[in-house]
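Inspection log for the structure reproduced underneath, given as C-alpha cells.
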Amino acid sequence: MADFHFSVLSGAVAADSGDTRLLDVLDRALDAADGPLHWKALRSGMWTHVRLENGECPQQGWKLHVSATPASAQDVLARSLPVLLAGRSMFKFAATRDHVAAMNARNTSRGHSGKFITVYPVDDDEAVRLAAELHVATAGLPGPRILSDRPYGPGSLVHYRYGAFVEVRRITNDGFYAWVILDPDGKPVEDRRGAKYTPPSWAVCPFPQDVPPAEGQNGTEGADGSGGAQKSFGQNGAENRKGIRIGSRFAVHEAIRHTNKGGVYRATDTETGEAIVIKEGRPHVDVDAKGRDTRDRLRTEARVLEAVETLGIAPRPVALFAQAGHLFLAQEMIPGTSLRQWIADVVGDAGWGPHVTPVLEMGGRLADLLAKAHDAGLIVRDFNPSNIMVRPDGTPVMIDLELALTPDDTEAEGMRVGTPGYSAPEQMAGAAPDRTADHFALGATLCHVLTGGPPYFLDESPAARPLSERLAEWLAARTLDLDLPGSLASLLLGLMADEPGHRWTPHRAREALARMGPDRAAESRGARDVPAESHENPPQSGPAPSLERQCRLSITGIVDQLITTMNPESAETLWPASCVYGAPDPCSLQHGAAGTLGALTRWFEVGADPRLAETIADAGHWILRRLEKDGDRPPGLYFGTAGAAWAVLDAGLALDDGGLVEGALAVADRLPESVPSPDVTHGTAGLGLTALHLWSRTGQARFAERALAAADALAETVEEREGGLDWSTPAEIESKLAGARYYGFAHGVSGVGCFLLACAESVGGDAHRTLAAGVGETLLDTMIDTGRSAMWAASSGDIATAPFWCHGSAGIGGFLGRLGQATGDGRFQRAAEMSVRAVMDNRWRAILGQCHGLAGNGDFLLDMAALTGTERHRDDAWRLAQIILANRAHRGGRVVFPDEQGGVSPSWGDGLGGVLGFLVRLQHGTSRLWMADEAAEFAASGAAAAEPSIAGRAS
C-alpha cells in the first residue's frame with residue numbers, strides 16, 4: 001500500500017459546503033494502491049493537487065484534461081485514480097462537485113470549461129500512455145467537450161493540449177499578465193487558452209490520430225472534438241465558413257454569439273426561404289443535480305414555444321433536431337432590436353425628457369406581454385430587456401425561453417436561475433417556481449425602460465434594510481428631474497414588493513400604465529423639454545443635509561472596507577482583484593493597488609484619519625516590493641510603473657515617510673521620457689503628466705526636463721490628417737491599441753492635448769500651447785452637435801459613444817474646458833458646456849465607476865465648477881453622487897458599491913477606489929487625482945526656484 005500524506009484542512013472543505021465526496025474517493029484509491037510510491041495531496045482553493053514526494057514537474061509540455069459533470073465526477077475520478085497513481089506525474093482535480101458545476105456552467109469561459117482533472121505528464125511517452133489508459137478507463141461516462149483541447153478519440157473524456165505546467169507570466173504592453181511558454185529558442189510566447197485547439201507550430205504532437213472509440217463510447221464527436229455546429233463550421237463558428245447546412249435544410253450564415261452552452265446562429269430555411277435563428281445545446285454543459293443539461297433546457301424551450309405559438313408573444317418554433325450529439329432548436333427570426341438596444345436608441349443623446357410618451361407606452365406593452373404569457377399558463381423565470389425583442393412596429397416579443405415552464409412541467413424544482421438585477425431574490429435563492437417572481441422581473445424591466453437601468457442591489461449583511469426601502473431611495477435618485485408620472489414609483493414598488501404575495505400583477509400594472517396615458521406624458525415632456533440656455537442659471541440650492549451626511553458615511557464605510565480587505569502579506573495582490581478584464585498588473589493605477597492607494601491618501605490628507613497612516617504605509621511599501629519583483633512592466637500612467645510611482649510618492653509625502661519618497665523617486669528615475677504609444681493611459685502623454693506632477697511635488701528640475709522631453713516627442717510624432725491632428729500607437733507594437741486612432745482622453749488626442757496644455761502652462765511654451773489648440777480645433781471639427789449637447793465618436797467613422805472619461809464627452813470636455821480657460825477662446829468653453837449637457841442627459845447610464853461611469857463624469861463636473869466658478873456644475877455633481885450613493889450596500893458596518901460587472905472591486909477604474917476619490921473631492925473640494933493641474937499653480941507661485949530638495953523634506 002502506498003504511503004500517503006494528505007495535508008488538506010477540513011475547515012477549507014467545510015467552507016465549500018462540507019462536500020468531501022471527491023476527497024473520500026481519493027482516500028479510498030490511495031488505501032487500495034500498492035507500491036513504494038509516496039504521494040502527497042494539498043488543497044488549494046478549488047483544486048486538490050496530488051504529487052509524488054520529491055517528484056519533479058516539467059515547466060511545459062503536453063498536458064491532459066479529463067472532463068466530467070457534477071453527477072459523473074465521482075465515477076470519473078474513481079476510474080482515473082488507479083491509472084494516475086500507477087504513474088509518475090502530478091495531477092489535480094476540482095475538489096467538490098460544486099466546483100465541477102461552476103466549471104461547466106452555461107456562461108463559464110469556453111476556454112476553461114470542463115477541465116475536471118488536469119495531468120502534468122513527466123514526458124511525452126508518459127503522456128501518451130496515460131491518455132490511452134484514461135481513455136479506456138473513463139469510457140461510457142458523461143462529460144463535456146473541452147474546447148481548448150483536442151479529444152484523444154471520438155467521444156473521449158480525455159483531452160490534450162500543449163501548454164505551461166508551471167505558470168510563468170509576463171506583463172504585456174497593455175498592463176495585464178499573459179501566461180507564457182518558451183519556444184525552441186527560449187523566447188517567451190503566449191500560452192493561449194481560448195476556445196480553440198491551437199498548439200504551437202513547433203510542438204510535435206505525440207498522440208496517435210484516428211483513435212477508435214473505446215468500448216462504451218458512441219464517438220458522436222469527431223476527432224477534432226468540435227461536434228455539432230462546431231464540427232460543421234470549424235472551431236470558431238459559422239463565421240469562418242458561410243453557407244454550411246445543418247439539420248439537412250438550414251443554411252447557416254453567421255454566428256450571433258458563442259457561449260459555453262452552445263452557439264446561436266443566423267440561418268435560412270432552404271425549404272421555405274424563411275430567416276431562422278438556430279440555438280445550440282452542447283452535451284453535458286450546465287448539468288443540474290438530476291443530470292439535465294443544456295439540451296434538456298432546449299427541449300423545454302421548444303415545448304414553451306409550441307404552447308404559445310398562436311399568441312404572437314414568442315418566436316414560432318420551426319424544428320428541433322440533433323446532430324453529432326448536439327441539440328438544435330430552429331425558430332422564427334424576430335425582426336427588430338433587443339429591448340435593451342431599443343431603450344438606448346429611443347432615448348439617444350437627448351436624455352429622457354422628450355421620450356416620456358414612448359417609454360410609457362412600451363411599459364404598457366411589456367405588462368400586456370407578460371399578462372398574456374401568464375394567461376397561457378407560463379412561468380417565464382427570465383423576463384429582462386436582453387430576452388425581449390422589439391419588432392419594427394414596436395411590439396415586444398419574448399425570446400430565450402429556456403427557463404420558462406408550461407403547466408405540464410409539474411415536477412419543476414426550484415433552481416438558482418435568472419438574471420441578477422431582474423430576477424426576484426427568492427428565485428435567485430432557489431425557491432420553487434412561482435409567477436410572483438415574474439411580477440418582480442416585470443418591475444425591474446420597467447425600471448430599465450423608464451429610468452435606463454435595473455435596480456441591481458448587492459446583498460447586505462446583515463440585511464438591515466428591506467429591499468423596498470432601498471428601491472424607493474434608488475427610484476428617487478434615478479427619476480430626479482425626469483418629470484415622470486408621480487404614480488410611477490408606486491407601480492414599481494408594487495411590482496417589486498418584498499413579500500411575493502403582495503406584488504402587483506401584470507394586469508394591474510397594465511391598467512395603471514394606461515391611466516398614466518399619453519396626455520400626462522406630454523405634460524411631463526413639456527415641463528422637461530426646454531432649450532439648453534434655460535439651464536444656465538437654475539436655482540443653486542446645494543446638496544440636502546441628508547445627502548451630505550450619506551456622502552460622509554459612505555466615505556467612511558468605503559475606507560473601512562478597503563482597510564479590512566487589504567492584505568499586505570499577500571504575494572499576489574494587495575486587495576482582492578477582479579479578473580473580469582483579465583489578470584491585471586497588481587500595482588497599476590487603473591485596476592491595481594496604485595489607484596486605490598491614491599484615493600486613500602487623498603482622504604488621509606483632508607480627513608487626517610489616524611487609522612490610515614499604517615494602511616497607507618503598508619500599501620506603499622507593498623507596491624515598491626512588488627515593483628522590484630516584477631521589474632519588466634510597461635511604464636504607463638494608468639497601466640504601468642508611472643502610476644505606481646505617482647501614488648507611492650504622494651503617500652510618502654503625506655506620511656512624511658522618506659523611505660516611500662526615495663523609493664518612488666528611484667522608480668520614477670527609471671521611467672523613459674517617451675515611448676512609441678502617445679496616449680495618457682499607456683504612453684508618452686501619461687509619462688509627461690507624471691513628470692509634471694513629480695516636479696510640482698518635489699521641485700526637482702529633472703522632472704520638468706522630462707516633461708518637456710515628452711512634449712517635444714509628441715510634437716515630433718504628430719500627424720496632420722484629414723480631420724485634424726492625430727497620434728496613434730504604432731501598428732507594430734504588441735498591443736490591443738496598435739494602429740488605433742481615437743479622440744478620447746484615455747487613448748486619444750484629447751488626452752495628448754491635455755498634457756501638452758499642462759506642459760505649456762507650467763514648464764513649456766507657446767509651441768506646446770499652439771499644438772494643444774490644434775488638438776482643440778480637431779475636436780471641434782469632429783464634435784457631434786445635437787443642438788443641445790456635444791458628443792464624439794470613439795474614432796473616425798464610428799457613431800457617438802457614451803459621454804464617459806475614457807472615450808466620450810466627460811474626458812474630452814475636461815480638456816476643452818481647460819483649453820478654453822487658457823486661451824480665452826469661447827468656442828472651446830462652449831463645447832465644454834455642451835459636454836456637461838451630454839453628461840447630464842446621459843446620467844441614466846448608471847455604471848458607477850471612473851472610466852465608464854458616474855464617478856468619472858462627476859469629476860468632470862467638478863472640473864467645470866473649478867474652471868468656471870459656476871456652482872451649477874457642483875450641484876450637478878451632487879445629483880450624480882445621489883445616484884451613486886443610492887446603489888450602496890452595507891456589509892458588516894462597511895460600505896460597498898457594485899462595479900461594472902455587478903461585483904465588488906477595490907480598483908480605481910471601475911470600483912471602490914474611483915468612487916471614493918470622487919466623493920472625497922466632492923465633499924472637500926480637492927484637486928482632481930491623476931491630473932497635473934497643480935503644475936501651473938506651482939510654476940506661477942515662483943516656488944520652483946526656491947523649492948528645497950526632496951531629501952531635505954523627507955528627512
Please report the closest heavy-atom contact between [X] and [Y], naming both atoms and the distance.
X: A731; Y: A738; result: O-CB, 3.6 Å
X: T601; Y: A654; result: CG2-CB, 3.8 Å
X: A932; Y: L692; result: CB-CB, 3.9 Å
X: G858; Y: L880; result: N-CD1, 3.7 Å
X: A800; Y: I784; result: CB-CD1, 3.6 Å
X: L627; Y: A644; result: CD1-CB, 4.1 Å

- [ ] Give the intermediate values and the outcome of side chain to side chain contact (heavy atoms under 4.5 Å, CB included) for residues V749 and L779.
- [x] CA-CA 8 Å; V749 299; L779 293 168; 4.0 Å; yes
Report the distance from atom [atom1] of [X] to atom [atom2] of [Y], rounding to the nearest 0.5 Å.
X: L589; Y: T641; atom1: CG; atom2: OG1; result: 12.0 Å
X: L757; Y: S750; atom1: CG; atom2: OG; result: 12.0 Å
X: W603; Y: L916; atom1: CH2; atom2: CG; result: 8.5 Å
X: I847; Y: H852; atom1: CD1; atom2: NE2; result: 8.0 Å
X: E605; Y: L600; atom1: CD; atom2: CG; result: 11.0 Å
X: T782; Y: I812; atom1: OG1; atom2: CD1; result: 7.0 Å

TODO: Quick one: sort the Y638 and W805 rings into parallel, tilted or perpendicular, breaks at 30° and 60°.
DONE: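 Rings of Y638 and W805: tilted, as their planes differ by 30° to 60°.
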Does any N or O in the side chain of [X] come within less than 3.5 Å of the main-chain N or O of [Y], such that one atom is a donor and the other an acceptor?
X: T684; Y: V675; value: yes
X: R626; Y: A571; value: yes
X: W575; Y: L562; value: yes
X: T565; Y: P576; value: no
X: Q829; Y: G820; value: yes
X: R769; Y: C759; value: no
X: S696; Y: E934; value: no
X: T172; Y: F176; value: yes
X: R837; Y: E833; value: no
X: S677; Y: D679; value: no

Open item on the list: Is it the case that atom NZ in K187 sees more than 12 heavy atoms from other parts of the structure closer than 6.0 Å?
Closed with: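 Counting other residues, nucleotides and ligands, NZ of K187 stays at 12 neighbours or fewer.
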Open item on the list: With a sphere of 6.0 Å drawn around CZ of R830, does it hold more than 12 non-hydrogen atoms of other residues, nucleotides or ligands?
Closed with: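 No, CZ of R830 has 12 or fewer neighbouring heavy atoms, counting only those of other groups under 6.0 Å.
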Which residues pass the side chain to side chain contact (heavy atoms under 4.5 Å, CB included) test with [X], not counting sequence neighbours?
X: S728; value: E719, R741
X: A790; value: M783, W792, M834, S835
X: L929; value: R602, W908

Task: Q821/L816 under side chain to side chain contact (heavy atoms under 4.5 Å, CB included): CA gap, chis, key distance, verdict - done: CA-CA 9 Å; Q821 184 189 57; L816 292 176; over 6 Å; no
Under 4.0 Å between a Lys/Arg side-chain N and an Asp/Glu carboxylate O for [X] and [Y]?
X: D726; Y: R721; value: yes
X: R872; Y: D875; value: no
X: E734; Y: R170; value: yes
X: R818; Y: E761; value: no
X: R633; Y: D585; value: yes

Any heavy-atom pair between the side chains of [Y] and [X] that's under 4.5 Å?
X: W695; Y: S762; answer: yes
X: D899; Y: V904; answer: no
X: Q561; Y: V895; answer: no
X: Q590; Y: S907; answer: no
X: T801; Y: M791; answer: no
X: H873; Y: L862; answer: no
X: Q700; Y: L694; answer: no
X: E732; Y: P676; answer: no

Scan the side chains in residues 705-713 for donor-acceptor partners under 3.5 Å anywhere in the protein, sequence neighbours excluded, and list what turns up.
unit_1, atom_1, unit_2, atom_2, d
R706, NH1, L671, O, 2.7
R706, NH2, D669, O, 3.0
D712, OD1, H768, NE2, 3.0

With a 3.5 Å cut-off and sequence neighbours excluded, list the donor-acceptor pairs that the side chains of residues 612-625 form with protein atoms.
unit_1, atom_1, unit_2, atom_2, d
H621, NE2, D657, OD2, 3.4
W622, NE1, S570, O, 2.9

Task: Worked check of side chain to side chain donor-acceptor pair (under 3.5 Å) between D781 and T778 - done: CA-CA 5 Å; D781 290 343; T778 298; 5.8 Å; no
- [ ] Apply salt bridge (Lys or Arg N to Asp or Glu O under 4.0 Å) to the pair R697 and E937, showing each step before the final yes or no.
- [x] CA-CA 11 Å; R697 294 305 309 270; E937 300 173 6; over 6 Å; no
For [X] and [Y], which I'm curious about, is there any donor-acceptor pair between the side chains at under 3.5 Å?
X: D650; Y: H693; answer: yes
X: D910; Y: Q850; answer: no
X: D933; Y: S927; answer: no
X: T681; Y: H747; answer: yes

Task: Verdict with supporting geometry, L689 and V680, side chain to side chain contact (heavy atoms under 4.5 Å, CB included) - done: CA-CA 8 Å; L689 285 175; V680 162; 4.3 Å; yes
- [ ] Scan for ring pair (Phe, Tyr, Trp, His ring centres under 6.0 Å) pairs involving residues 701-743, sequence neighbours excluded, and state none if there are none.
- [x]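 Counting only pairs at least two positions apart or across chains, the ring pair (Phe, Tyr, Trp, His ring centres under 6.0 Å) contacts touching residues 701-743 are Y742-H807.
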Open item on the list: Assess the residue pair L574 and N567 against the criterion (side chain to side chain contact (heavy atoms under 4.5 Å, CB included)); give the C-alpha distance rounded to whole Å, side-chain angles, the decisive distance to 0.1 Å, and a yes or no.
Closed with: CA-CA 5 Å; L574 186 57; N567 180 15; 5.9 Å; no
